[in-house]
Amino acid sequence: MQELIINGLLAVVILTAVILRFFIGARADSGMTKKQKTMLVRILIAAAMLLGLQFLPAETFAQLDGYLFPSAGRWVRFALYLIDYFIIGYDILRKAIKGILNKQVFDENFLMAVATVGAMALAIYENGDYLEAIAVMLFYQVGEWFQGYAVGRSRRNISDLMDIRPDYANVERSGRLEQVDPDEVGIGSVIVVQPGEKVPIDGIIVEGSSSLNTSALTGESLPREAKVGDEIISGCINMTGVLKIQTTKEFGESTVSKILDLVENASSRKSKSEDFISKFAKVYTPAVCYSALALAILPPLVRMLGMGLPADWGTWVYRALTFLVISCPCALVISIPLSFFAGIGGASQEGVLVKGSNYLEILSQTKVVVFDKTGTLTQGVFEVNGIHHNKLEDAKLIEYAALAESASSHPISKSLQRAYGKEPDRTRVSDIQEISGNGIIAKVDGVEVAAGNDKLMKHLGISYIDCHQTGTIIHMAINGAYAGHIVISDIVKPHSKAAISSLKAAGVEKTVMLTGDAKKVADQVAASLGLDKVYSELLPADKVSKVEELLKMKTGKAKLAFVGDGINDAPVLSRADIGVAMGAMGSDAAIEAADIVLMDDDPMKIAKAIKISRKCLRIVYQNITMALGVKFACLILGAVGIANMYLAIFADVGVMILAVLNAIRCLFVKKL
């Protein structure tokens, strides 16, 4: 067994030297922290010193006996081993003492400190070998370093992916570009973004054209073309031309700030699995400490007082110390949060931002997906493609409609304004009255204009003419008389049909669409996409009611997800088990209310997010099963004396490394 340990120590020395050469020498910019580099040096020194002491002949120390006192050689040997022990374990001892002083005794540092100090004390008592105690601490620190590096890797993957925080914004002053803090740039300012720079603040391009790298935001590898008049969101990288952008938001409200806030706060929202592990560790750790104490004391007392046998304190204390080393819950405490963190990182690589591990866990149980229509399954790009039964000239009817709707940001209003072709003069509009879910009533140049659906006409008591063309129908009334209707059509997103198929393939049992649009339009869209159910002509409050009905129809642990993008979707996003918002074109209210944000508005990403969440949960359950299974088996073996300190190292450090390696798999989601 001693030869096996020495061979292991040699392997540690060689591996550590290679790592030091590779990361510190050849790759100084590798991203390894100073603390990790220092730990590598400590591991190398401690392993080399332990090997040297093991190969040093015993006679060397024996020759020192009698110089200062009879057993001088023995104590010099102990002092050298003790120095080696402190080199590799002083931080563990410090953390254990700090935990005791703070009345937070039962953690892995306390367990390792007690086990190794006890093993050192046994070696002194028996004038034995200190190799075991120091090797346990050394291998534990190797495992801790590996775990720390793995966690760092997953964190760096996410931070590299989300490396979109701009350091500055260029503002032109007196013909020169000045770099200022993005926080200092107000709404309406014009900033300059040069090739290779990040767009610091959301805005509209007022001069120039360029290709934009949006991969950090959307996961898309292909660049997007941008020109004058296009909206541009912060976090993109300008690749080719110089752009002048008029800001539409302050930096704190811009897309990049919201995304960074989501990522930074994601780990604060824990899943039920993480909460279980935290509660489990609080009960488990003191239980095994008291069990180890009982194992050290009770059997010797029973042997001595009840059976008349020698107490054999050394054997039972050794078993108790082994029991403590085995019991360290590192694999569970570290790998479960890491699995979720890596899962959030893997989702971010695909342009899916998850606000917390609890949402990742809920998403894995999703069986019903409810969609808004406009801007979610359709592009939300409405175009006027027909004017029927009009009493006025087409252009005049469009002018009245565009001016009446000029205060609205709804896609239908935008399409009317595009058809008008001019910037609406809002001074011509007064007495605007919006009737939710029906339309607008306003005065344009003193003329009363009503623009809305058939419900608005019924509300006003005006006879209207139905349209047989599919689309959104805007009925118009001028001074209380029907003036015709405008047909506006939306375009289904290219991936919407494939997204519904992907959801079915991923195990989603029911897909539903909710919309305020007309029944004819809604039914046509639902049929073309293969949706299971559609509810049309709904007011915002009706959508909440429908979601509540669908929630009551669920069975077992099935969860309902709602996918939307508009301001009026915010209440529904909050009410669903899990809300998914379209991030690129979605409203701020929808993004705030949602639990998950799709950065490129692609509904295909919903099925991808569900697959990522299920892979993450599978890995979490694998780690829980493996860690607990090995742990309890080794605890039993340690208690009966079959497991020694080296099996204890495997049960603690080995299982932890395997669990961490398994958790890192959550980052690899490209092929899901």
Side-chain angles (χ1 to χ4, degrees), residues 1-2 5 85 89 92-93 95-97 99-100 103-140 143-144 277 279-333 624 626-656:
M1 180 59 74
Q2 198 172 62
I5 298 177
Y85 175 78
I92 300 296
L93 297 175
K95 289 174 186 175
I97 292 168
I100 294 169
K103 297 180 181 180
Q104 296 176 341
V105 178
F106 300 111
D107 61 9
E108 63 270 20
N109 298 303
F110 175 78
L111 298 181
M112 286 305 302
V114 170
T116 53
V117 169
M120 289 286 284
L122 279 177
I124 296 170
Y125 174 73
E126 298 172 351
N127 192 21
D129 199 344
Y130 303 101
L131 173 67
E132 195 170 82
I134 299 173
V136 167
M137 185 65 82
L138 179 63
F139 288 130
Y140 176 78
E144 285 289 294
I277 295 305
K279 292 173 184 175
F280 172 81
K282 287 179 182 177
V283 176
Y284 168 83
T285 308
V288 295
C289 286
Y290 292 129
S291 298
L293 186 64
L295 188 63
I297 296 173
L298 295 180
L301 290 177
V302 170
R303 286 172 60 88
M304 186 172 60
L305 302 176
M307 302 172 68
L309 298 172
D312 200 8
W313 288 101
T315 298
W316 290 100
V317 168
Y318 179 85
R319 288 185 185 181
L321 295 172
T322 304
F323 188 90
L324 279 177
V325 174
I326 293 170
S327 68
C328 283
C330 302
L332 282 174
V333 174
I624 290 174
M626 176 182 68
L628 290 180
V630 173
K631 192 72 71 178
F632 285 127
C634 291
L635 282 173
I636 294 167
L637 294 174
V640 298
I642 297 174
N644 56 18
M645 198 66 79
Y646 309 110
L647 184 60
I649 294 170
F650 170 74
D652 179 34
V653 179
V655 172
M656 179 182 70

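- The two residues Pro300 and Leu295 make their nearest non-hydrogen contact at CD-O, 4.3 Å.
- Listed here is the closest heavy atom pair of Ala294 and Pro299: O-CD, 3.3 Å.
- With rounding to the nearest 0.5 Å, the separation of CH2 in Trp313 from CD1 in Ile297 is 6.5 Å.
- Tyr85 is not listed as a side-chain neighbour of Leu138, based on a closest heavy-atom distance of 4.5 Å or more.
- When all heavy atoms of Met137 and Gly89 are compared, the pair lying nearest together is CG-CA, 3.8 Å.
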